[in-house]
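Here, residue 1 is the first one in the sequence, and each next residue gets the next number.
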Amino acid sequence: MNHTPFPEHLDQILSQSVREATSLESALQREGAALASRDLDELNAAVADKQTRVQALEALTRQQTELLQRGGYETNAHGMDCVLRDWDEEGVLRPVWDRLVEVMSHCHRLNQVNGGVVETSRRRVDQALHILRGEETRTELYDTRGRAFSASSSRPITKA
């Protein structure tokens with residue numbers, strides 16, 4: 001068990017979380033660049049780094065959760081606001097927490113962009129395979145009630 005006083009322990013966790021989140025941000029940027037340049041080796045390295053950083057952040061989040069629970073605080077944003085109100089009289093923890101929230105928000109946006117690039121590429125490949133195989137292409141449409149349905153059209157490449 002860690003015998004470090006509550007605010008110092010929280011500062012250690014938050015500071016390490018900021019370092020890991022910044023490294024995650026860098027890995028996500030590398031992932032995006034690798035996707036754009038179609039550099040498979042760099043993509044694999046970035047994804048491996050991303051996974052390592054996510055695991056480290058998950059472990060730090062568990063530590064933070066345990067610390068807040070031991071202190072009798074909720075393990076959400078409101079709980080953290082209460083912790084900062086109660087323990088951060090000198091204003092040391094708030095900037096670290098705010099930086100962590102900022103970096104994690106940016107990581108979330110980068111991950112969404114990268115995921116969108118992957119999904120778009122997957123759809124293009126899927127569509128090309130359907131065309132090459134002469135399979136029906138599926139177009140998702142909506143009926144008058146807003147329910148999705150697929151419209152199909154088939155035209156083998158040999159007849160194009």
Item to check | hydrophobic_cluster_shared for F6 and M80, side chain cutoff 4.5 Å | outcome: yes
Next on the checklist: Quick one, D49 and S23 - any side-chain contact, counting heavy atoms below 4.5 Å?
Outcome noted: no
Checklist entry - Does one hydrophobic cluster hold both V103 and L110, with members joined at side-chain heavy-atom distances below 4.5 Å? => result no
Checklist entry - Taking only residues two or more places apart in sequence, or in another chain, which ones meet Q112 in a side chain to side chain donor-acceptor pair (under 3.5 Å)? => result H108
Next on the checklist: Tell me every residue that passes salt bridge (charged side-chain N to carboxylate O under 4.0 Å, His left out) with E119, counting only those two or more places apart in sequence or in another chain.
Outcome noted: R122, R123
Next on the checklist: When you measure from the side chain of S105 to the backbone of V101, do you find a donor-acceptor pair of N or O atoms at a distance under 3.5 Å?
Outcome noted: no
Checklist entry - Which pairs count as salt bridge (Lys or Arg N to Asp or Glu O under 4.0 Å) when at least one residue sits in residues 34-48, sequence neighbours excluded? => result R30-E42
Item to check | Residue list, salt bridge (charged side-chain N to carboxylate O under 4.0 Å, His left out) with R85, at least two apart or on another chain | outcome: none
Item to check | Partner set under side-chain contact (heavy atoms from CB on, under 4.5 Å) for N76, not counting sequence neighbours | outcome: E74, H78
Checklist entry - Got a sec, which residues hit side chain to side chain donor-acceptor pair (under 3.5 Å) with W87, two or more places apart in sequence or on another chain? => result Y73
Next on the checklist: Going by the rule side-chain contact (heavy atoms from CB on, under 4.5 Å), which residues pair with T120 if we only count those two or more places apart in sequence or in a different chain?
Outcome noted: R124
Checklist outcome for this item: In this structure, CD of Q55 is separated from CG of L24 (nearest 0.5 Å) by 11.5 Å
Next on the checklist: Under the rule for side-chain contact (heavy atoms from CB on, under 4.5 Å), what residues qualify as partners of V113, not counting sequence neighbours?
Outcome noted: none
Checklist entry - Can you pull the salt bridge (Lys or Arg N to Asp or Glu O under 4.0 Å) pairs that have at least one residue in residues 6-26, sequence neighbours excluded? => result E20-R53
Checklist entry - Under the side-chain contact (heavy atoms from CB on, under 4.5 Å) test, which residues partner Q63, sequence neighbours left out? => result I13, L60
Checklist entry - V118, L43: one ILVMFWY side-chain cluster at the under-4.5 Å cut-off? => result yes
Checklist entry - Within a strict 4.5 Å, meaning less than it, do heavy atoms of the T65 and R62 side chains meet? => result no
Item to check | Transitive ILVMFWY side-chain link L57 to V47, under 4.5 Å | outcome: no
Checklist entry - Does any non-hydrogen side-chain atom of Q16 lie less than 4.5 Å from one of Q64? => result no
Checklist entry - So do the side chains of N44 and L40 get within less than 4.5 Å of each other, counting heavy atoms only? => result yes
Checklist entry - Residues two or more places apart in sequence or in another chain: which of them pass salt bridge (charged side-chain N to carboxylate O under 4.0 Å, His left out) with R94? => result D81, D98
Checklist outcome for this item: Between L100 and A21, the two heavy atoms sitting closest are CD1-CB, 3.9 Å
Checklist entry - Are N111 and K50 close enough that some pair of their side-chain heavy atoms sits under 4.5 Å apart? => result yes
Checklist outcome for this item: Between V83 and L10 the two heavy atoms that sit nearest each other are CG1-CD2, 3.4 Å
Next on the checklist: I'd like to check the side chain to side chain donor-acceptor pair (under 3.5 Å) partners of S26; sequence neighbours left out, ordered by chain and number.
Outcome noted: none
Next on the checklist: Hydrophobic clustering (ILVMFWY, side-chain heavy atoms < 4.5 Å, transitive) - are V54 and L28 grouped together?
Outcome noted: yes
